[in-house]
There are 2 protein chains.
Amino acid sequence: MEKIPEYCKVEDALGILVGKWKPIILLHLLQKGTLRFNELRRIMPEITQKMLTKQLRELEDEDIIDRVVYPQVPPKVEYSITKYGQTLEPILEAMHEWGMNHTMHKMKQKNM
Amino acid sequence: MEKIPEYCKVEDALGILVGKWKPIILLHLLQKGTLRFNELRRIMPEITQKMLTKQLRELEDEDIIDRVVYPQVPPKVEYSITKYGQTLEPILEAMHEWGMNHTMHKMKQKNM
DNA sequence: TGGTATAGTACACAAAATGATACTATGGAG
DNA sequence: CTCCATAGTATCATTTTGTGTACTATACCA
């Protein structure tokens, strides 16, 4: 394995990926391409409006997702992954797959 | 991309990977194989003792790292990645690499 | 006229994560 | 006798994250 440099870059990656919701939001966006605010809410019913807004803003600030506002009433706002955000796909995919196997691992431990 | 199942497994992966410190601890352990408590502290001077202890315990509980206590004074405790923990390597590698590129991305934005 | 839908914001509050600092036990070195 | 080193624990303060509820504007539908 390659040596970790003095100023460990992994922390930067984390700043963007961590939080209870970001990876899930990103996985859904990767999957569907584009989603409106309330579509995201319906997909993740446990997240509050405030949290969703906050996470989306942070991802937008980091240039991971795009936010397009249509001047309509009722409002319409579409979110999608930026080109740059797509570079996160390998990490998200790896997490997703690992998560699956991890569930199996736990089931074994508990003899389910 | 494959469809995300009802009960999204990514959250499980996250429970283990998130936290400001876990991926960094794991990367160092992957790199060095085995490290003592204070060696980890020296490598990551910003982490507090309490946090390091906590993160290590959590990783141990999840069967990601091993903790071996040598009955000596002063105490000696060695940490290493379990076989199961090694399955996280692809994620950690992906994060590490992405973190590097992300730093470049930011430098470009700021014209550094 | 009243209800529904959208994409939020504002405020009060609770809970969880993280941080700062001090403290412990004890063998060995000087 | 004093100080150092190790691998922690204990306590308190602060920061981040999350929850709950109420509120907004306005086109469309009945």
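In the text below, chain A, chain B and the rest are named by the order of the sequence lines, each starting its count at 1. Small disclaimer: the values here were computed from a predicted structure and weren't measured.
One can place NZ of Lys22(B) at 10 Å from C1' of dA17(C), the figure rounded to the nearest angstrom. Taking atom CZ on Phe37(A) and atom C1' on dA25(D), their separation rounds to 16 Å, with Å as the unit. The distance from atom CD of Gln49(A) to atom P of dA22(D) is 14 Å, rounded to the nearest whole Å. At whole-Å resolution of the value, CE in Met44(A) and P in dT19(D) are 12 Å apart. Between the P atom of dG18(D) and the CD1 atom of Ile25(A) lies a distance of 10 Å, rounded to the nearest Å. The distance from atom NZ of Lys20(B) to atom C1' of dT14(D) is 13 Å, rounded to the nearest whole Å. What separates NZ of Lys76(A) from P of dC28(D) is a distance of 15 Å, to the nearest Å. Counting to the nearest Å, the P atom of dA7(D) and the CG atom of Leu35(B) are 11 Å from each other.
In the hydrophobic clustering of this structure, Leu29(B) groups with Val69(B); members are Ile, Leu, Val, Met, Phe, Trp, Tyr whose side-chain heavy atoms approach within less than 4.5 Å, directly or through other members. In the hydrophobic clustering of ILVMFWY residues, with side-chain heavy atoms under 4.5 Å counting as a link, Tyr84(A) and Leu17(A) come out together.
For Met51(A), the listed nucleotide lying nearest its side chain is dT19(D); candidates were dT19(D), dA7(D), dG8(D).
Map Lys50(A) and Glu78(A) each onto its nearest nucleotide of DNA chain C; the residue landing nearer the 5' end is Glu78(A).
Residue Trp21(B) places at least one side-chain N or O under 4.0 Å from the OP1 or OP2 atom of dG19(C). For Arg36(A) and dT6(C), the shortest distance from a side-chain N or O to OP1 or OP2 is not below 4.0 Å.
In plain terms, the two heavy atoms of Thr82(A) and Asp63(A) that are nearest each other are OG1-O, 2.7 Å. Taking each heavy atom of Met95(A) and Pro23(A) in turn, the nearest pair found is SD-CB, 4.5 Å. Of all non-hydrogen atoms in Thr34(A) and Glu39(A), the two that sit nearest each other are O-OE1, 4.4 Å.
To the nearest 0.5 Å, atom CD of residue Glu62(B) and atom NE2 of residue His102(A) are 5.0 Å apart. To the nearest 0.5 angstrom, Gln55(B) atom CD is 9.0 Å from Thr48(B) atom OG1.
Shown for residues 54-75 of chain B: residues whose heavy atoms fall under 4.0 angstrom of DNA chain D, namely Arg57(B), Arg67(B), Pro74(B), Pro75(B).
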